[in-house]
Amino acid sequence: MLAIVALASLIFGVWLEREPLLRGAASAWIVSDPVTRADAIVVLGGNFRFRPIVAADLYRRGMAAKILVSRTPESYQDRENHIPADAELNRAALLKLGVSPAAIEDFGKASTSTKDEAVALREWAERNAATSVIVPTEIFSARRVRWIFRHELLGTGVAVAVPSFEPPEYTAGEWWKSERGVIAFRDELFKYLYYRLRY
């Protein structure tokens, strides 16, 4: 009986302190690098409409003269509904945000994962004698993105900065109150583990 009371007290205590614990978990997970001027800002693929916004802001602040847009396979286009691929959507968003067409360049050819994008960026950096890049991404994916890009660019002399930003759907302070926040945190925990074991 004493064990049951102790267990119930523990569960109740955790429940009362859940918000500080959840906030602390996010704080321990999230990484974000400071940014200085670089050779290029990288917009990764995926249906993340806020990456171009952050990239355009960094561009306007003079952090780089070039923005690289990840090319995904043409099969990612929804031709039936006339929806273009991520690269076209990201390019259009950057142009709408005032980025010069001459400043936007594609990289990669058929990237289907962040790993593919890191490999493609390494190839671009070697061709262009780049020494630094900025790869902005959402708060929960930043740890994985930073690890895979630094892993792939190791030995090239290219510095990788991954500043993270909060998407409008959730914040670091209250991510568990949003379904998107819960899904994003959960998915990134598994993705990060997979990347570390796989690559």
Side-chain angles (χ1 to χ4, degrees), residues 19-70 86 90 93-94 97 99 103 107 111 113-122 124-125 130-154 156-196 199:
E19 290 194 6
L21 290 172
L22 293 169
R23 197 171 289 116
S27 180
W29 180 257
I30 295 167
V31 296
S32 187
D33 297 325
V35 294
T36 56
R37 184 157 173 79
D39 295 304
I41 301 159
V42 180
V43 177
L44 300 177
N47 187 20
F48 298 96
R49 63 188 184 278
F50 302 104
R51 291 174 181 172
I53 295 171
V54 174
D57 178 62
L58 290 167
Y59 170 81
R60 283 191 301 270
R61 289 167 44 203
M63 292 295 107
K66 183 173 294 298
I67 297 181
L68 304 179
V69 175
S70 176
D86 296 340
N90 288 334
L94 290 167
L97 291 162
V99 176
F107 79 101
S111 298
S113 69
T114 312
K115 158 75 169 167
D116 291 347
E117 291 174 315
V119 171
L121 186 64
R122 178 183 180 130
W124 180 89
T131 59
S132 57
V133 292
I134 302 169
V135 189
T137 193
E138 294 75 15
I139 53 175
F140 292 140
S141 60
R143 182 174 292 274
R144 176 178 55 89
V145 168
R146 183 168 74 174
W147 183 82
I148 193 64
F149 274 85
R150 288 183 178 176
H151 178 73
E152 286 303 319
L153 290 162
L154 187 66
T156 65
V158 178
V160 179
V162 180
S164 63
F165 61 90
E166 291 182 341
E169 297 95 338
Y170 57 88
T171 66
E174 297 186 332
W175 60 270
W176 63 92
K177 295 182 180 179
S178 161
E179 183 179 0
R180 283 182 182 261
V182 171
I183 291 169
F185 198 3
R186 179 203 65 196
D187 288 356
E188 281 302 328
L189 290 171
F190 286 112
K191 284 181 181 180
Y192 180 76
L193 181 60
Y194 173 78
Y195 268 57
R196 293 301 301 258
Y199 305 118

**Message:** Which label fits His151 and Trp147: parallel for a plane angle under 30°, tilted from 30 to 60°, or perpendicular past 60°?
**Reply:** parallel
**Fill in**
When rounded to the nearest 0.5 Å, the distance separating OG of Ser32 from CZ of Phe165 is 10.0 Å
**Asked** Atom CD1 of Ile148 and atom NZ of Lys191: how far apart are they, to the nearest 0.5 Å?
**Response** 13.0 Å
**Complete:** Here the pair of heavy atoms bringing Val133 nearest to Leu121 is CG2-CD2, 3.9 Å
**Prompt:** Side-chain contact, heavy-atom cut-off 4.5 Å: Val54 with Leu58?
**Reply:** yes
**Prompt:** Do side-chain atoms of Trp29 reach the backbone of Ile139 as a donor and acceptor pair under 3.5 angstrom?
**Reply:** no
**Asked** How far apart are the closest heavy atoms of Ala65 and Ala103, and which atoms are they?
**Response** O-CB, 3.4 Å
**Request:** Measure from the side-chain N and O atoms of Arg51 to the backbone N and O of Asn90, and report whether any donor-acceptor pair falls under 3.5 Å.
**Result:** no
**Asked** Checking side-chain contact (heavy atoms from CB on, under 4.5 Å) for the pair Phe149/Leu44: CA distance, chi angles, key distance, verdict?
**Response** CA-CA 11 Å; Phe149 274 85; Leu44 300 177; 3.6 Å; yes
**Asked** Okay, side chain of Ser178, backbone of Glu169: is any donor-acceptor separation there less than 3.5 Å?
**Response** yes
**Request:** Side-chain contact test, heavy atoms from C-beta onward, threshold under 4.5 Å: evaluate it for Trp175 versus Val182 and give yes or no.
**Result:** yes
**Message:** Tell me whether the count of non-hydrogen atoms from other residues, nucleotides or ligands lying under 6.0 Å of CZ in Arg186 goes above 12.
**Reply:** yes
**Request:** Calculate, to the nearest 0.5 Å, the distance between atoms CD1 and NZ belonging to Ile41 and Lys66 respectively.
**Result:** 11.0 Å
**Message:** Could you measure the distance from the CG atom of Leu97 to the OH atom of Tyr59? Nearest 0.5 Å is fine.
**Reply:** 11.5 Å
**Item:** Side-chain (Ser164) to main-chain (Val31) donor-acceptor, under 3.5 angstrom
**Value:** yes
**Fill in**
Tightest non-hydrogen contact, residues Glu152 and Val119, listed as OE1-CG2, 3.6 Å
**Message:** Within this structure, what is the CD-CZ distance for the pair Glu174 and Arg23, rounded to the nearest 0.5 Å?
**Reply:** 6.5 Å
**Under-4.0 Å salt bridge between Glu188 and Arg144** = yes
**Prompt:** Between Phe140 and Tyr170, does a ring-ring contact (aromatic ring centres under 6.0 Å, His included) hold up when you go through it step by step?
**Reply:** CA-CA 11 Å; Phe140 292 140; Tyr170 57 88; 5.5 Å; yes
**Message:** Give me the atom names and distance for the closest heavy-atom approach of Glu19 to Trp176.
**Reply:** CG-CZ2, 3.6 Å
**Item:** Under 3.5 Å donor-acceptor, Glu117 side chain and Gly45 backbone
**Value:** yes
**Message:** Testing Asp39, Val158, Thr156 one by one against Thr131 for a side-chain contact (heavy atoms from CB on, under 4.5 Å), which residue passes?
**Reply:** Asp39
**Complete:** Tightest non-hydrogen contact, residues Val99 and Ala56, listed as CG2-CB, 3.9 Å
**Message:** To the nearest 0.5 Å, what is the distance between CG on Leu68 and CH2 on Trp124?
**Reply:** 4.5 Å
**Prompt:** So which heavy atom on Ser111 is nearest to which on Ser70, and how close?
**Reply:** CB-OG, 3.9 Å
